[in-house]
Amino acid sequence: MNFKIEAPKIPALTSLETIQIDFLQSKEEINRCIISDCIIEGQDASKVSFDKVLFKNVTFVECSLPGIELTDTLFENCDLSNVDFSGAFVHRTVFQQCRMVGTDFADARFQNVRVLESLGDMAAFRFANLKQVSFENCSLLSADYYQSVLHSLAFSGCKLDQATFSGSRLKGIDLSDCDFTGLHVEIEDLNGCIISAQQAASFAGLLGLVIK
């Protein structure tokens with residue numbers, strides 16, 4: 001990774017209050033706190049803002065939070081599967097050892113974000129803008145990056161089989177240490193993408209080649 005990602009600017013944990021989420025209202029602002037060891041269920045609110053928040057061992061169930069704003073936020077061992085985070089703004093945020101299966105980040109903006117050792121199969125990043133973002137040791141099987149803007153994006157040790165990158169320029173993106181047998185991608189989007197010799201066979205069909 002040849003670019004720098006800013007870490008979340010979270011105060012000392014001893015200075016943060018532990019709170020419980022019972023009901024979220026649209027445009028509500030939640031700052032400088034810890035939310036841990038709980039289930040957040042059935043929340044339906046737009047443009048909720050979290051700033052300098054630690055989520056730890058939190059499970060989101062049947063939640064729709066479009067337009068959520070996450071700044072200087074850390075998710076540790078959380079389950080965000082199938083949550084609607086479409087249109088999210090995510091800045092200086094880390095997702096570590098989280099479940100993000102089917103999580104909807106369509107039209108989201110990510111900047112200075114790390115996703116570490118997480119399960120993001122079938123997660124949707126369609127039409128998203130990802131800048132200074134890394135996915136490290138993640139499973140992203142059938143994840144969807146359709147027509148996303150990818151700038152300073154890194155994948156390291158990820159499982160990407162059948163992920164969709166159609167309409168997303170992959171120039172300068174290094175996939176050489178990722179695991180996949182096939183991707184959904186257009187040939188023009190592959191210009192400048194970095195792959196291993198072993199992976200080249202995966203794209204032979206796009207070039208009309210027959211490997212003998």
Side-chain angles (χ1 to χ4, degrees), residues 1 3-25 27-41 43 45-61 63-106 108-121 123-125 128-140 143 151-158:
M1 188 168 64
F3 56 91
K4 183 178 179 181
I5 296 177
E6 294 182 44
K9 298 178 180 178
I10 298 179
L13 298 184
T14 54
S15 68
L16 298 179
E17 177 187 5
T18 298
I19 69 167
Q20 182 175 339
I21 298 292
D22 296 315
F23 179 73
L24 290 172
Q25 295 183 326
K27 298 185 179 180
E28 184 173 358
E29 297 180 2
I30 298 173
N31 306 312
R32 301 175 68 92
C33 63
I34 298 172
I35 302 169
S36 65
D37 302 298
C38 65
I39 297 175
I40 297 176
E41 186 173 7
Q43 301 298 317
S46 62
K47 296 185 178 179
V48 178
S49 172
F50 292 93
D51 186 10
K52 296 179 174 58
V53 176
L54 168 61
F55 289 90
K56 188 170 184 176
N57 303 323
V58 177
T59 297
F60 290 76
V61 178
C63 290
S64 178
L65 300 170
I68 192 171
E69 296 185 13
L70 302 169
T71 305
D72 294 318
T73 296
L74 175 59
F75 291 85
E76 290 186 358
N77 194 36
C78 292
D79 191 341
L80 310 169
S81 297
N82 298 312
V83 175
D84 179 4
F85 282 158
S86 59
F89 175 73
V90 187
H91 183 43
R92 288 197 304 267
T93 292
V94 173
F95 300 88
Q96 186 165 6
Q97 295 182 326
C98 291
R99 286 182 57 87
M100 305 163 73
V101 176
T103 305
D104 186 357
F105 288 108
R109 289 180 295 155
F110 279 38
Q111 187 165 356
N112 292 298
V113 176
R114 298 180 72 191
V115 184
L116 310 174
E117 300 173 343
S118 293
L119 183 61
D121 297 347
F125 299 91
N129 190 316
L130 308 180
K131 182 178 181 181
Q132 291 168 267
V133 176
S134 70
F135 293 87
E136 304 168 42
N137 302 311
C138 294
S139 180
L140 297 162
H151 181 71
S152 297
L153 175 67
F155 292 97
S156 176
C158 291

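In this text, all values refer to a predicted model and were calculated from it rather than measured experimentally.
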_side chain to side chain contact (heavy atoms under 4.5 Å, CB included) between Ile35 and Ile19, intermediate numbers included_ = CA-CA 6 Å; Ile35 302 169; Ile19 69 167; 3.8 Å; yes

*Test log, rule side chain to side chain contact (heavy atoms under 4.5 Å, CB included), inputs Ile10 and Leu16*: CA-CA 9 Å; Ile10 298 179; Leu16 298 179; 3.9 Å; yes

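When the options Val61, Val83, Asp22, Leu65 are evaluated for a side chain to side chain contact (heavy atoms under 4.5 Å, CB included) with Gln43, the one that passes is Leu65. When each of Gln132, Lys131, Gln111 is paired with His151, the side chain to side chain contact (heavy atoms under 4.5 Å, CB included) condition holds for Lys131 and for no other.
Here the SG-NZ distance, from Cys78 to Lys56, works out to 10.0 Å after rounding to the nearest 0.5 Å. Here the straight-line distance linking atom CD1 of Ile40 with atom SG of Cys63 works out to 6.5 Å at 0.5 Å rounding. Taking OG of Ser81 as the reference point, atom CG of Asp121 lies at 9.5 Å (rounded to 0.5 Å). Between the CD atom in Glu69 and the NZ atom in Lys47 there is a gap of 8.5 Å [rounded to 0.5 Å]. Atom-to-atom distance recorded for Ile68:CD1 and Phe89:CZ is 12.5 Å, nearest 0.5 angstrom. In this structure, CZ on Arg99 lies 10.0 Å from OG on Ser139, to the nearest 0.5 angstrom.
Smallest separation of non-hydrogen atoms from Val58 and Asp37: CG2-N, 4.3 Å. Shortest non-hydrogen contact noted between Ser118 and Met100 is CB-SD, 4.2 Å. Heavy-atom minimum distance, Gly120 versus Ala143: O-CB, 4.1 Å. The heavy-atom pair separating Glu6 from Asn112 by the smallest distance is N-OD1, 2.9 Å.
Between the side chain of Thr93 and the backbone N or O of His91, at least one donor-acceptor pair lies under 3.5 Å. In this structure, Ser152 contributes its side chain and Phe3 its backbone to no donor-acceptor pair below 3.5 Å. In this structure, the side chain of Glu17 does not engage the main chain of Arg32 through any donor-acceptor pair within 3.5 Å.
Checked by atom type, the side-chain pair Asp104/Ser86 shows no donor-acceptor distance below 3.5 Å.
Residues Val133 and Val90 form no side-chain contact, since every pair of their non-hydrogen atoms from C-beta on lies 4.5 Å or further apart. Contact check for Ser36 versus Asn57: no side-chain heavy atoms found under the 4.5 Å cut-off. Considering only heavy atoms from C-beta on, Ile30 comes within 4.5 Å of Leu24 through its side chain. Inter-residue side-chain proximity for Pro11 and Lys52 is flagged as met; some heavy-atom pair is nearer than 4.5 Å.
In this pair, Phe55 and Phe50 present their aromatic rings perpendicular. The plane angle is above 60°, beyond the 30 to 60° band.
Aromatic rings of Phe135 and Phe125 (six-membered ring for Trp) have centroids within the 6.0 Å cut-off, being under it.
Taking 4.0 Å as the cut-off between side-chain N and carboxylate O, Asp72 and Arg92 count as a salt-bridged pair.
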